[in-house]
2 protein chains.
Amino acid sequence: MAKAARDPEERIRERNMRLIIKAGIEIFARKGFDGTRIAEIAEASGLPKANVYYYFSSKEEIYRAIVAHLIASWDDALKYISPEREPAEAFRLYIRAKLDYTRKNTAESRLFASEIIQGARFLKKKDRDHMRQVTDAHVAVVEGWIAAGKMLPVDPRHLFIMLWASTQYYADFEPIAADGLKKARLKAEDYETAAITITETILKGILPAPMQGS
Amino acid sequence: MAKAARDPEERIRERNMRLIIKAGIEIFARKGFDGTRIAEIAEASGLPKANVYYYFSSKEEIYRAIVAHLIASWDDALKYISPEREPAEAFRLYIRAKLDYTRKNTAESRLFASEIIQGARFLKKKDRDHMRQVTDAHVAVVEGWIAAGKMLPVDPRHLFIMLWASTQYYADFEPIAADGLKKARLKAEDYETAAITITETILKGILPAPMQGS
DNA sequence: AGGAAAGTTGACACTTTGGTCAGCTTTTGT
DNA sequence: ACAAAAGCTGACCAAAGTGTCAACTTTCCT
């Protein structure tokens with residue numbers, strides 16, 4: 001009897017939890033875990049504080065729910081790095097996808113950055129293992145390409161770090177990026193130019209020089 | 001009479017302020033502005049809380065003192081990007097200097113990152129203008145190199161962002177960088193490999209292909 | 001030596017915060 | 001229609017936070 005549940009039309013719960021999570025992402029991203037007040041999340045989601053506590057039993061629970069959700073998106077862009085593809089195409093797509101994600105999910109990206117800077121206190125070992133595994137798999141693909149002579153011998157792990165760094169910077173450090181580009185705020189076209197610059201530069205850096213005898 | 005001061009041997013004041021600032025950098029970096037408690041800074045610096053308030057009248061004053069100090073170091077590595085140098089040499093030195101700084105001043109680097117992610121609330125207009133000016137000057141140098149055919153036509157502003165991003169990532173996001181490299185913690189040698197990979201990749205990406213007639 | 005300036009600090013006042021709860025209203029299945 | 005389940009919330013703590021202060025000790029200059 002403890003199991004019985006009300007499946008159909010569980011809309012209220014869903015909607016309110018979504019509101020809370022959404023507000024939480026925004027505020028946790030800007031204030032970090034310790035700096036975030038639940039009252040603020042409540043206000044931002046238009047619910048009384050006690051109502052927030054009706055759905056989540058603590059601040060940590062809200063935060064964990066969000067972080068857990070973020071991990072899932074780690075893999076998404078990496079899927080383009082697959083052995084059947086040519087390296088040039090693969091990296092081109094990867095860079096675009098990553099920039100696209102950060103542009104459209106600025107708050108999530110910042111929240112993740114914030115969590116890491118603050119010492120990755122809420123990243124469970126399981127999550128980190130998962131990320132490591134995914135990375136390992138893609139490192140292997142790159143090593144394959146290098147062995148096949150399709151890429152210059154670059155350290156694949158540092159290469160991935162360069163890509164993560166370059167693609168996240170625009171969203172995570174927008175004030176600095178915008179200042180650097182002499183814009184008030186970043187727009188889609190800036191991300192477009194970024195994609196082109198990063199792609200061209202990195203590709204020239206890792207692909208064998210074209211038309212060259214041995 | 002308000003001017004009279006005790007110049008010689010003002011050691012106590014200096015020493016205690018240094019202790020407070022040092023502890024503050026560490027804790028602000030990890031917790032952000034809102035997340036930091038003064039009691040924590042007091043404990044970390046070995047002083048009673050009331051003594052901290054004897055030197056600084058508020059949390060914000062400590063924070064501002066630290067941020068102001070950080071701005072000064074923004075220029076340091078950029079000095080290598082100077083017109084008399086060859087681009088290859090300039091970028092090589094710049095990348096090394098920046099990585100070196102972040103490795104040796106991890107907490108400062110993270111504090112700065114944290115401040116930006118949290119919306120650059122305490123970066124004064126004056127500071128941002130200064131950073132912008134410094135950037136502009138170096139963009140001009142790169143444009144000069146491009147005009148002289150010493151570099152491929154890259155968007156200089158996005159290029160600088162790539163460099164900032166790649167060189168800061170290791171310190172700011174150490175947990176992820178370490179996982180990516182399959183290490184428990186980053187050591188000097190990892191920064192060394194990073195310097196090599198970044199330098200080689202970027203240089204190939206921005207320098208004209210060697211030995212090529214038109 | 002001795003008085004003034006600088007430094008120190010436990011205790012206190014006041015505010016904010018995370019989290020609880022009892023009782024209310026709404027929704028839902030029958 | 002109606003009772004049970006789900007949802008809602010104002011009012012309330014205890015704990016933790018920021019900042020103050022009056023009284024004490026140390027350091028410094030002459």
Side-chain angles (χ1 to χ4, degrees), chain A residues 1-67 114 118 121-122, chain B residues 1-24 26-67 118 121-122:
Chain A
M1 41 160 131
K3 277 238 197 95
R6 186 81 43 82
D7 301 346
E9 299 300 39
E10 231 195 337
R11 281 199 213 105
I12 295 178
R13 183 178 204 81
E14 237 167 76
R15 178 178 148 281
N16 281 345
M17 288 186 94
R18 208 190 47 240
L19 283 175
I20 295 166
I21 295 275
K22 191 181 162 190
I25 291 175
E26 214 79 30
I27 295 167
F28 278 127
R30 220 165 40 235
K31 306 282 191 82
F33 179 78
D34 293 293
T36 294
R37 263 81 40 104
I38 305 222
E40 229 181 323
I41 294 182
E43 196 186 2
S45 56
L47 267 38
K49 191 178 58 149
N51 202 354
V52 172
Y53 275 101
Y54 175 71
Y55 291 105
F56 296 92
S57 65
S58 70
K59 176 156 88 161
E60 188 169 329
E61 201 179 302
I62 306 180
Y63 192 76
R64 289 208 119 98
I66 297 174
V67 171
S114 193
Q118 297 182 7
R121 284 185 291 163
F122 297 93
Chain B
M1 45 165 127
K3 275 239 196 92
R6 185 83 43 82
D7 302 343
E9 299 300 40
E10 230 196 340
R11 282 202 211 102
I12 295 180
R13 184 177 202 81
E14 238 168 75
R15 179 178 147 279
N16 281 346
M17 287 185 96
R18 209 192 45 241
L19 283 175
I20 295 167
I21 295 277
K22 192 181 161 191
E26 214 80 31
I27 294 168
F28 278 126
R30 218 165 41 235
K31 306 283 192 78
F33 179 78
D34 294 293
T36 294
R37 258 89 14 133
I38 303 223
E40 230 181 323
I41 293 182
E43 196 186 3
S45 56
L47 266 37
K49 192 181 54 154
N51 202 355
V52 171
Y53 275 101
Y54 176 70
Y55 290 104
F56 296 91
S57 65
S58 70
K59 178 158 88 163
E60 188 168 328
E61 201 178 303
I62 306 180
Y63 193 75
R64 290 207 119 96
I66 297 174
V67 170
Q118 295 181 10
R121 282 186 292 165
F122 296 93

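Sequence lines set the chain letters: A, B, ... in the order given, protein chains first and strands last, and positions in each chain run from 1.
Annotation: ring pair (Phe, Tyr, Trp, His ring centres under 6.0 Å) contacts of B:Y54 (sequence neighbours excluded): none. With sequence neighbours left out, the side chain to side chain donor-acceptor pair (under 3.5 Å) criterion links A:K59 to no other residue. For B:Y53, the side-chain contact (heavy atoms from CB on, under 4.5 Å) partners are B:I38, B:K49, not counting sequence neighbours. Not a single side chain to side chain donor-acceptor pair (under 3.5 Å) links B:N51 to another residue, sequence neighbours left out.
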One character per nucleotide, please: for nucleotides 9-17 of chain D, 5' to 3', B when the base has a protein heavy atom closer than 4.0 Å, S when only the sugar-phosphate does, - otherwise. BB------S
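Here B:N16 reaches the OP1 or OP2 of C:dT8: one of its side-chain N or O atoms lies under 4.0 Å away.
Rounded to an integer number of Å, the gap from A:E61 CD to C:dT20 P is 11 Å. Rounded to an integer number of Å, the gap from CZ of B:F56 to C1' of D:dT20 is 18 Å. When the C1' atom of C:dG19 is taken as reference, atom CD of A:E40 falls 17 Å away, rounded to whole Å. The distance between atom CG of A:L19 and atom P of D:dC8, rounded to the nearest whole Å, is 11 Å. A:R13 has its CZ atom 13 Å from the C1' atom of D:dC8, to the nearest Å. Summarising the geometry, the separation between CD on B:E14 and C1' on C:dG7 is reported as 15 Å, rounded to the nearest angstrom. Remark: P of D:dT26 and CZ of B:R15 are 15 Å apart, rounded to the nearest angstrom. For the pair A:Y55 OH and D:dA6 C1', the computed distance is 8 Å after rounding to whole Å.
In this structure, the side chains of A:I21 and A:F56 come closer than 4.5 Å at one or more pairs of heavy atoms.
Evaluation of the salt bridge (charged side-chain N to carboxylate O under 4.0 Å, His left out) test over residues 28-37 of chain B, restricted to residues two or more places apart or in two chains, returns A:D34-B:R37, B:K31-B:E40, B:D34-B:R121.
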